[in-house]
Amino acid sequence: MTPHPRYPHIFSPLKIGHTEIKNRILMGSMHTGLEDQPDAGERMAAYFAERARGGVGMIITGGIGPHPSAGYGAKLLGPADVAVHRQVTEAVHAAAPDVKIVMQILHSGPLAGTPDCVAPSPVKSRIGRHQPNELTEEGIAEQIAAFANCAALAKEAGYDGVEIIGSAGYLISTFLVEKTNQRTDRWGGSWENRMRFPVEVVRAVRAAVGPDFIFVFRISAMDMLQGGMAWEEVVSLAKALEAEGVDVISTHFCWHESFVPTIATMVPRAAFAGVTGRLRKELSIPVITSNRINMPQVAEDVLVRGDADIISMARPMLADPDLVNKAFEGREDEINTCIACNQACLDHTFTGKLTSCLVNARACRETEVVIAPTAARRRIAVVGAGPAGLACATITAERGHQVTLFDAASEIGGQFNLAKQIPGKEEFHETLRYFARMVELRGVDLRLNTRVDAEQLQAMGFDEVVVATGITPRTPALPGIDHPKVVRYIDVIQGTAQVGQKVAIMGAGGIGFDVAELITHAGTSAALDIDTFAREWGVDFKNHPRGGVTGIEPQVASNGREVTLLQRKATPVGQGLGKTTGWTHRLTLQRRGIKMVSGVDYLKIDDAGLHCTIGGEPAVLDVDTVIVCAGQEPARGLYDDLVALGVPAQLIGGAYEATELDAKRAIKQATELAIAM
Ligand code: FAD
Ligand code: NAP
Ligand code: SF4
């Protein structure tokens, strides 16, 4: 078969080291937590084999530790571990003999999370749990030998190669940067001394694995640290590694502790590829770029510009394991696109939960969540075409049931139609495009502009009704809540409510933050413009100062509205937002001058404004508008009516439970119901 003509660069083979990869898409490394499960071998085998069948050229596994001090994740230290990894490599090679699988070797160094963690100097990371132990000369030799041993074991386990991660604030990168390497021996001080450790590691690894083994090294092309690596150092390191026998350089951006978002939704697509492009000009081996490349056209454009030889897509492979096959066949409208929310992947990883994906609840649960054809085709009604109803209807229909999907609105999507209007959440359009195509492809009978009640559904004689009617915004019982200056968030987002110059937002959950973003936003969305993004986060792509950051407090454009974001809880505002993205929202709003106030007790609203107490002290906020973002209640009326009529019904999404509901939970619950019906 020939690839679709839209993607000639993606589907051209590439020679790397002693071998060749069939196309330019790589599944990037992600720690999923599968590595640490008791049945790790079986589950990783199913997870990777599914992605191999999906058409990628090469897969890089999650990081595996080479030494007991490497971190709390899985390690490859001896024969028992080799047996686990052999299950993975055999499954991948059986699923797709032309796909390469490469194991990432990760030594977390000061981020290992255990008291025995090690580093060149005893400098605690901003995000580390412990002060690391300074490595002795013997300790350094032991670590180098451990990398080599681990690589040799990976070869024995049947991998096609190894990737060593030398970025992100992990062990190797801490040797490179002055603030974490304060040694005065031959491993610290001058640049030549600071880069000695990675060079020695690479030399030892190549000697251990021989020439016929893919060797990828991941460097921080821009570490986003003040006083981080200078561009000349990045180039000099990459050249030295090439000279030591590395086959491919993979570019990584930022350390985990840096204050620049590099993969969240508000980062423009392919924002960092230009940096890889500059490095590519300096080297003769292939280079990999990554970060926010989530659709084939974005990847093709990067390759056309000459910014990289290989495109790493990590989270997009969680969202859709068949992404590459779909691109090959020109079916990109069927791709379930990663929306860069981090909600089920990185937020899970960093809170010790198994990774999955908001838009694909099967991710990392391949052996449990099986979409099998039904043995008994039934007529099923799904009421509500929000994320829950869409996931349930399309998967149920995929299994062979006859599905009718009703929505009172004129378009599918439910609350996602509000979410997609928030600057920085433009990717949410993709999920709705995907579901629209799935509705069509799976033969779901979609009835828009159709509000159905229990009697109508009963008369239509469905075998089962799934109620996914979502939520009703909560209206706090407060004197003056019906005052003309009080508006609902839905009306603000839909543009049907007037919002004044001075605003109080009542409720600081995800929606309170999104509304604050929307009503203070000015200019182009940073998510759509690399220059705006760079300005708002203090990144200088052009001059590449040390670390790539300017060190000057970034400017975030504002339309000048005076906004106060309020919550009753005494905890810091925004504490409940996503682990890996919450800080970006807090910082952006603070830089716009938005006030955040906790410990509020609302009293009443009148012409003078919002009367409340703050930390027990009376206050009157003189505002023109009060926007209510006080959470939601389940919209369950239809379900109750169906039950009263004796119609078999199931509840999912916001209609089931509105408290702390997000699309991740809605889609997961819908998927689990759909595979069981
Ligand atoms: P809904 O999306 O509310 O859909 C319910 C649907 O049912 C609606 O389309 C409605 O028209 C229809 N309906 C109701 N009654 C009937 C009836 N009788 N007949 C026919 N149709 C009916 N979640 C996240 O995870 N991450 C985010 O970043 C995020 N951002 C958000 C930003 C905003 C501004 C908003 C408003 C929400 C956001 N959410 C986010 C929340 C997320 O959108 C919801 O959790 C999700 O939409 C709930 O899905 P659902 O299918 O249960 O309900
Ligand atoms: P939420 O996160 O539950 O926040 C509701 C807010 O209202 C809280 O600040 C709560 O804090 C306040 N509140 C609750 N009851 C109140 C009452 N009776 N009177 C006044 N204030 C009250 O809900 P949401 O912001 O509406 O978001 C809905 C869902 O969408 C959430 O689950 C969220 O995860 C999801 N979402 C996620 C994102 C994201 O970026 N990941 C963005 C938007 C939405 P106090 O009780 O302390 O005042
Ligand atoms: Fe992408 Fe969100 Fe899925 Fe993570 S959870 S893979 S960011 S869509």
Any non-hydrogen side-chain atom of E163 less than 4.5 Å from a side-chain atom of I105?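 With C-beta onward as the side chain, the pair stays apart.
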
Heavy-atom check, side chain of L26 versus side chain of I60, under 4.5 Å: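 The answer is yes; the side chains approach within 4.5 Å.
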
Checking R269 now: which residues fulfil side-chain hydrogen bond (donor to acceptor under 3.5 Å, both in side chains) with it, not counting sequence neighbours?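 So R269 forms a side-chain hydrogen bond (donor to acceptor under 3.5 Å, both in side chains) with N294, E427, E430.
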
Counting distance only, does the side-chain N/O of [X] pair as donor-acceptor with the main-chain N or O of [Y] below 3.5 Å?
| X | Y | value |
| --- | --- | --- |
| R365 | A361 | yes |
| D36 | A74 | yes |
| Q87 | H85 | no |
| R183 | P120 | yes |
| D81 | L77 | yes |
| E35 | G33 | yes |
| R196 | W191 | no |
| R362 | V370 | no |
| D223 | C254 | no |
| K100 | D98 | no |

Assess whether a salt bridge exists between [X] and [Y], defined as any Lys/Arg side-chain N lying under 4.0 Å from an Asp/Glu carboxylate O.
| X | Y | answer |
| --- | --- | --- |
| E300 | R24 | no |
| K326 | D320 | yes |
| R546 | E178 | no |
| E233 | R194 | yes |

Between M317 and V56, does a side-chain contact (heavy atoms from CB on, under 4.5 Å) hold up when you go through it step by step? CA-CA 9 Å; M317 298 293 165; V56 283; 3.3 Å; yes

Trace of the salt bridge (charged side-chain N to carboxylate O under 4.0 Å, His left out) decision for R206 with D247: CA-CA 10 Å; R206 185 46 99 193; D247 297 317; 2.9 Å; yes

Which atoms form the tightest heavy-atom contact between [X] and [Y], and what is the distance?
| X | Y | result |
| --- | --- | --- |
| A119 | P110 | CB-CD, 4.1 Å |
| A319 | V359 | CB-CG2, 3.7 Å |
| C117 | G109 | CB-O, 3.4 Å |
| L111 | S125 | CD2-OG, 3.4 Å |
| A40 | L34 | CB-O, 3.3 Å |
| P198 | L176 | CG-CD2, 3.8 Å |

Would K239 and E282 satisfy salt bridge (charged side-chain N to carboxylate O under 4.0 Å, His left out), going step by step from the backbone distance to the final call? CA-CA 8 Å; K239 286 185 168 172; E282 305 278 352; 3.5 Å; yes

If you measure only the distance, is there a donor-acceptor pair under 3.5 Å linking the side chains of [X] and [Y]?
| X | Y | result |
| --- | --- | --- |
| N325 | E329 | no |
| Y170 | H107 | no |
| E137 | W187 | yes |
| R315 | N342 | yes |
| W255 | S167 | no |
| E242 | S284 | yes |
| R280 | T251 | no |
| S173 | S220 | no |
| R278 | H544 | yes |
| T61 | Q104 | no |

Of all pairs that satisfy salt bridge (charged side-chain N to carboxylate O under 4.0 Å, His left out), the ones with a partner from residues 338-349, not counting sequence neighbours: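 Every pair satisfying salt bridge (charged side-chain N to carboxylate O under 4.0 Å, His left out) with a residue in residues 338-349: there are none.
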
Considering the options V118, L171, L135, which one meets the side chain to side chain contact (heavy atoms under 4.5 Å, CB included) requirement together with S69?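 So the option named by the test is V118.
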
Quick check on side chain to side chain contact (heavy atoms under 4.5 Å, CB included): which of V287, I293, N291 does T289 satisfy it with?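 Per the side chain to side chain contact (heavy atoms under 4.5 Å, CB included) rule, the option paired with T289 is I293, out of V287, I293, N291.
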
Is atom NZ of K579 surrounded by more than 12 heavy atoms (other residues, nucleotides or ligands) closer than 6.0 Å?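 No.
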
Between CG of L241 and CZ of R203, what distance do you get to the nearest 0.5 Å?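 Output value for this atom pair is 10.5 Å.
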
Show your working on salt bridge (charged side-chain N to carboxylate O under 4.0 Å, His left out) between R6 and E332 and close with a plain yes or no. CA-CA 11 Å; R6 264 193 294 278; E332 50 285 272; 2.9 Å; yes

Apply side-chain contact (heavy atoms from CB on, under 4.5 Å) to residues I249 and T276 and explain how you reach the verdict. CA-CA 10 Å; I249 292 287; T276 312; over 6 Å; no

Below 3.5 Å, can you tabulate the donor-acceptor pairs from side chains in residues 207-219 to any protein atom, sequence neighbours excluded?
residue, atom, partner, partner atom, Å
D212, OD1, K155, NZ, 3.0
R218, NE, S250, OG, 3.3
R218, NH2, S290, OG, 3.1

Excluding sequence neighbours, so at least two apart, what forms ring pair (Phe, Tyr, Trp, His ring centres under 6.0 Å) with F253?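 With neighbours one apart ignored, the set is F272.
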
H256 and F350 aromatic centres sub-6.0 Å: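 Between F350 and H256, which both carry aromatic rings, the centre distance is below 6.0 Å.
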
Pair up each side-chain donor or acceptor in residues 527-536 with any protein partner under 3.5 Å, not counting sequence neighbours, and list the distances.
residue, atom, partner, partner atom, Å
D529, OD2, T532, N, 2.9
D529, OD2, T532, OG1, 2.4

Report the C-alpha separation of F197 and I144 in whole Å, then their side-chain angles, then the decisive distance to 0.1 Å, and conclude whether the side-chain contact (heavy atoms from CB on, under 4.5 Å) test is met. CA-CA 8 Å; F197 185 70; I144 293 171; 3.6 Å; yes

Pairs meeting criterion ring-ring contact (aromatic ring centres under 6.0 Å, His included) with involvement of residues 10-54, two or more places apart: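 Every pair satisfying ring-ring contact (aromatic ring centres under 6.0 Å, His included) with a residue in residues 10-54: F11-F328.
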
Given E334 and R437, is the salt bridge (charged side-chain N to carboxylate O under 4.0 Å, His left out) satisfied, shown in steps? CA-CA 6 Å; E334 294 174 29; R437 181 68 182 123; 3.7 Å; yes

